[in-house]
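Below is one structure, written out as structure tokens; comments come after it.
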Amino acid sequence: MVQVRIAILDDAPQCQKILSGLCNRYADQFGLDLHLQIFSDVKKFIEEYVPEWNVLLVNVGRSSNGGIDGVRQIRRTDTAVEIILVSMFEDCAVDGYEVGAASYILKPPSWTLFSAAMSRCIHGIPTVTVRASGKERRLRLDEILYASSHRHRTVVHTMIGNIQIEGSLTGLEQRLSDCSDNFVRINSGYLVNLSQVIGIVDREVQLSNGESIPVSRPRKTAFKEAWKQYLTR
């Protein structure tokens, strides 16, 4: 049974009731182990946010006090959590694109729209949790380009920026290997995501963002074999 953790961020009791009812109905219909929690104090939830949720159902409005500002803040530490925005207003939908929301649903949400949105979220993308600046941060694996280590500094290079994390490159490599076989060490200081590799020229691995990283001579053959296997999966 798949375990799913869902947080409802809405201070309106009636909306909480409707959304929790839809969540329970979805879990019953699709056989999920649902862990559901409702947060009326959205500001406190955001301030104390821990990247442990699969899906956030967030009420958004037109005012600056709406949930969209909170979602922007959450996205700074968690690019992986799936977010469904729920609103009374159609013109707030554009905010969904900005924060990478999976869906935007008008209140009151129908079962058809809700179940479709939830299904897109449940079958999500693998993630890894790291510690950066003393806080946990969750990263989508498909957004990681590579990781590097230099003078005891481990940095994860992603499509949306670079993040210096706590711990060693070897420790990160071990955690990544638990959830994906796409990450390969190409020399003592670099770990690359095979899904971001577009080619290899001489002794340099070319990545999708235009960067090139040197591959050591002892690791070149093993890397080329790993990349070949990735391309033929």
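Predicted model only: the values in this text are computed from it and were never measured. These numbers come from the heavy atoms of this one structure, side chains and all, not from hydrogens, waters or symmetry mates.
- Cluster annotation: Ile200 and Tyr190 are assigned to the same hydrophobic cluster (Ile/Leu/Val/Met/Phe/Trp/Tyr, side-chain heavy-atom contacts under 4.5 Å, transitive).
- If you check the side chains of Thr154 and Gln164, you find no donor sitting under 3.5 Å from an acceptor.
- In the hydrophobic cluster analysis, where Ile, Leu, Val, Met, Phe, Trp and Tyr join through side-chain heavy atoms closer than 4.5 angstrom, Val192 is grouped together with Trp227.
- Arg233 and Asn182 are linked by a side-chain donor-acceptor pair at a separation below 3.5 angstrom, with hydrogens and angles left out of the test.
- Checked by atom type and distance alone, the side chain of Glu166 pairs as donor or acceptor with a backbone atom of Gly134 at under 3.5 Å.
- Counted by atom type alone, Asp78 and Tyr49 present one or more donor-acceptor pairs between their side chains at under 3.5 Å.
- Asn54 contributes no side-chain N or O that, together with a main-chain N or O of Val81, makes up a donor-acceptor pair within less than 3.5 Å.
- Ring geometry for Trp53 versus Phe39: interplanar angle over 60°, hence perpendicular rather than tilted (30 to 60°).
- Remark: Asp10 engages Lys107 in a salt bridge, criterion side-chain N to carboxylate O under 4.0 Å.
- More than 12 heavy atoms of other residues, nucleotides or ligands shown are found within 6.0 angstrom of CG on Asp178.
- Of the N and O atoms on the side chains of Ser212 and Gln206, not one donor lies less than 3.5 Å from an acceptor on the other residue.
- Looking only at distances, a side-chain donor or acceptor of Ser119 sits under 3.5 Å from a matching main-chain atom of Ser115.
- Side-chain N/O atoms of Ser216 and Arg203 include no donor and acceptor closer than 3.5 Å.
- Ring-plane geometry between Phe114 and Tyr26 is classed as perpendicular, the angle between the planes exceeding 60 degrees on a 0 to 90 degree scale with a lower cut at 30.
- At most 12 non-hydrogen atoms from other residues, nucleotides or ligands lie less than 6.0 angstrom from CE of Met88.
- One finds a salt bridge joining Arg72 and Asp69 here, because a Lys/Arg side-chain nitrogen approaches an Asp/Glu carboxylate oxygen to under 4.0 Å.
- The distance from the CZ atom of Arg120 to the CE atom of Met118 is 10.5 Å, given to the nearest 0.5 Å.
- Smallest separation of non-hydrogen atoms from Ile198 and Ser208: CG2-CA, 3.9 Å.
- Tyr104 and Ser87 share a side-chain donor-acceptor pair at under 3.5 Å.
- Cluster membership check: Val205 shares its hydrophobic cluster with Leu145, using side-chain heavy-atom separations under 4.5 Å among Ile, Leu, Val, Met, Phe, Trp and Tyr.
- A donor-acceptor pair under 3.5 Å is absent between the side-chain atoms of Ser180 and the main chain of Ser177, judged by distance alone.
- Tracing side-chain contacts under 4.5 Å through hydrophobic residues (I, L, V, M, F, W, Y), one reaches Leu169 starting from Val156; they form part of the same cluster.
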